[in-house]
Amino acid sequence: MKVPMQWGSNGEPTWFAPRPIGIWWGFGFTLIVGGFMFAMACGLAAENIPSLCLAIAAMSILEVIVQFLHLRAIVRWEAKGNIGA
């Protein structure tokens, strides 16, 4: 089964991805970017680390919001009787 990944201006999905990828891609992206930012923090001077921590926290919060909105859109789309392509 596939899940919608992006919606067009008409409210219909423009492309689909296999369910595991569609559901978990955001978490993987967050892990990769967060790991990169953490690795950068290891090489920074101590006075720059608080700003990096703030950036990591902001990115994490934004990712949770985006993932929630995406999953909610999928549930609403499937509730209309649509089945993944």
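Predicted model only: the values in this text are computed from it and were never measured.
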Phe16 ring center within less than 6.0 Å of Trp7 ring center
no
| For the hydrophobic clusters of this structure (ILVMFWY residues joined by side-chain heavy atoms under 4.5 Å, transitively), does one cluster hold both Leu71 and Leu62? | no
On a heavy-atom basis, the closest approach of Gly22 and Trp25 is O-CD1, 3.1 Å
Distance col, row Ile74:CD1 vs Arg19:CZ, nearest 0.5 angstrom, shows 7.5 Å
Taken in chain and number order and not counting sequence neighbours, the residues that satisfy side-chain hydrogen bond (donor to acceptor under 3.5 Å, both in side chains) with Trp24 are none
Flag, side chain of Thr14 to backbone of Gln6, donor-acceptor distance under 3.5 Å
yes
Handout entry: Side-chain (His70) to main-chain (Ile23) donor-acceptor, under 3.5 angstrom
Key = no
Are Leu69 and Ile61 in one and the same hydrophobic cluster, where Ile, Leu, Val, Met, Phe, Trp and Tyr link if side-chain heavy atoms are under 4.5 Å apart?
yes
Here the gap from Leu31 atom CG to Glu63 atom CD, rounded to the nearest 0.5 Å, amounts to 11.0 Å
